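Notes for the one structure printed next.
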Amino acid sequence: MNCRSEVLELTVEARQVEEAMLALLHTILLHRSTGKFHYKKEGTYSIGTVGTQDIDCDFIDFTFVRVSSDELDRVISKVVTEFKDALGNTGSDGMGRISLEFYQKKKSRWPFSDECIPWEVWSIKVNVVHLANEQERQICREKVGEKLGEKVINVVEVINRHEYLPKMPTQSEVDNVFDTSLKDVQPYLYKITYQITDTLGTSVSTTMRRLIKDTLAL
């Protein structure tokens, strides 16, 4: 099986990290989740509905849609908060990558562990910059909102392609394809990891500040 790999990249200020990551991760998971399966007998089942919720960002001019599941949100928010805090420990400027990997399990014979086979990986690169004043922050607020809108459209376009998805499982195999631990939604099996780089190269920070100055000059 070939694993698809998609890369998204954003430049934000520190207070925007959490909202930007939540917006992108929740957008992807919205399209990679189903309602709960309700089996009547082996091979016959119905699928529950997936509720949605609009979330307004505080530090970005942007509203995103997520699955209306407090349980899923807590799981995602916990990882994103850890990522944000780790980035904050690098200083005013820094960079990191948060990855969302979808996989399916392949049962192995005892005493070996089940094999986890990835089929899609989303990597979100984030560059954090320090801005000098409120005027720069306001411009950044608008620009990041525009960029997030572009990234969300990109995510939807990729997901709408007719490419590999794990086939719908039988009742005995549903845990090999879906995360069934949540009571109100059933995402494909996934894991989130992140990596932090100590120092951001000056070119990214300079590019962001140049963008702000060019906008002010208009």
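All of these numbers come straight from a predicted model, not from anything done at the bench.
- The side-chain heavy atoms of Glu163 and Glu120, taken from C-beta on, include no pair separated by under 4.5 Å.
- Under the side chain to side chain donor-acceptor pair (under 3.5 Å) criterion, Glu101 pairs with no residue at all, not counting sequence neighbours.
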Identify each donor-acceptor pair in which a side-chain atom of residues 52-61 lies under 3.5 Å from a protein atom, sequence neighbours left out, and give them as a table.
from: Gln53; atom 1: OE1; to: Arg66; atom 2: NH2; distance (Å): 3.1
from: Asp56; atom 1: OD1; to: Thr63; atom 2: OG1; distance (Å): 2.6
from: Asp61; atom 1: OD1; to: Arg141; atom 2: NE; distance (Å): 2.6

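- With a 4.5 Å cut-off on side-chain heavy atoms, Phe83 and Ile192 do not count as touching.
- In this structure a side-chain-to-backbone donor-acceptor pair under 3.5 Å is present from Lys36 to Leu182.
- Taking OG of Ser33 as the reference point, atom CD1 of Ile28 lies at 11.0 Å (rounded to 0.5 Å).
- One finds the OG atom of Ser69 at 8.0 Å from the CZ atom of Arg74 (value rounded to the nearest 0.5 Å).
- For Glu71, there are no salt bridge (Lys or Arg N to Asp or Glu O under 4.0 Å) partners, not counting sequence neighbours.
- Counting only heavy atoms from C-beta outward, the side chains of Glu82 and Asp85 never approach each other to under 4.5 Å.
- Residues that satisfy the side chain to side chain contact (heavy atoms under 4.5 Å, CB included) test with Lys125, not counting sequence neighbours, are Val7, Glu9, Arg97.
- Note that the CD atom of Gln104 and the CD atom of Glu115 stand 10.0 Å from one another [nearest 0.5 Å].
- Side-chain contacts under 4.5 Å among hydrophobic residues (ILVMFWY), followed directly or transitively, place Tyr103 together with Leu189.
- Contacts of Gln195 classified as side chain to side chain contact (heavy atoms under 4.5 Å, CB included), with partners at least two apart in sequence or in another chain: none.
- Residues Leu8 and Trp122 meet the side-chain proximity criterion, which asks for heavy atoms closer than 4.5 Å.
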Assess whether side chain to side chain contact (heavy atoms under 4.5 Å, CB included) is satisfied between Met168 and Val177, documenting all intermediate values. CA-CA 8 Å; Met168 289 295 106; Val177 176; 5.8 Å; no
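- Every residue two or more places apart in sequence or in another chain was checked for a ring pair (Phe, Tyr, Trp, His ring centres under 6.0 Å) with Phe64, and none qualifies.
- Put simply, Val65 and Val185 are part of the same group of oily side chains (I, L, V, M, F, W, Y) that touch within less than 4.5 Å, one to the next.
- In this structure, CG on Asp184 lies 7.5 Å from CG on Asp70, to the nearest 0.5 angstrom.
- At distances below 3.5 Å, not a single donor-acceptor pair connects side-chain atoms of Glu173 with backbone N or O atoms of Pro169.
- By the salt bridge (Lys or Arg N to Asp or Glu O under 4.0 Å) test, Glu6 pairs with Arg161, sequence neighbours left out.
- A pairwise comparison of heavy atoms in Ile196 and Ala86 identifies CG1-CB, 3.7 Å as the closest pair.
- Val75 is linked by a side chain to side chain contact (heavy atoms under 4.5 Å, CB included) to Tyr190, counting only residues two or more places apart in sequence or in another chain.
- In this structure, Ile153 CD1 and Leu148 CG are separated by 11.0 Å, a value rounded to the nearest 0.5 Å.
- Here the side chains of Ile124 and Met21 are in contact, with some heavy-atom distance below 4.5 Å.
- Here the straight-line distance linking atom CG of Leu22 with atom CD1 of Ile76 works out to 8.5 Å at 0.5 Å rounding.
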Using the rule given for side chain to side chain contact (heavy atoms under 4.5 Å, CB included), can you reason through Val79 versus Leu25, listing the C-alpha separation, both sets of side-chain angles and the distance that settles it, and then say yes or no? CA-CA 11 Å; Val79 179; Leu25 291 173; over 6 Å; no
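- Here the shortest heavy-atom pairing between Gly145 and Phe62 reads O-CD1, 3.6 Å.
- Closest heavy-atom contact between Ala20 and Val12: CB-CG1, 4.3 Å.
- No side-chain heavy atom of Val67 sits under 4.5 Å from any side-chain heavy atom of Leu29.
- Across Cys3 and Pro118, no two heavy atoms sit closer than the pair CB-O, 3.6 Å.
- Ile98 has its side chain out of reach of Val126: every pair of non-hydrogen atoms, C-beta onward, lies at least 4.5 Å apart.
- In this view, Asn160 and Val156 satisfy the side chain to side chain contact (heavy atoms under 4.5 Å, CB included) rule, not counting sequence neighbours.
- Inter-residue side-chain proximity for Glu13 and Glu136 is flagged as unmet; no heavy-atom pair is nearer than 4.5 Å.
- For the ring pair (Phe, Tyr, Trp, His ring centres under 6.0 Å) test, residues two or more places apart in sequence or in another chain that qualify with Phe178 are Phe37, Tyr188.
- Applying the side chain to side chain donor-acceptor pair (under 3.5 Å) test to pairs two or more places apart or on separate chains, those with a residue in residues 16-30 are Glu18-Thr81, Glu18-Lys84, His26-Asp73.
- Under the 4.5 Å side-chain heavy-atom criterion for Ile, Leu, Val, Met, Phe, Trp and Tyr, Val121 and Phe102 are members of distinct hydrophobic clusters.
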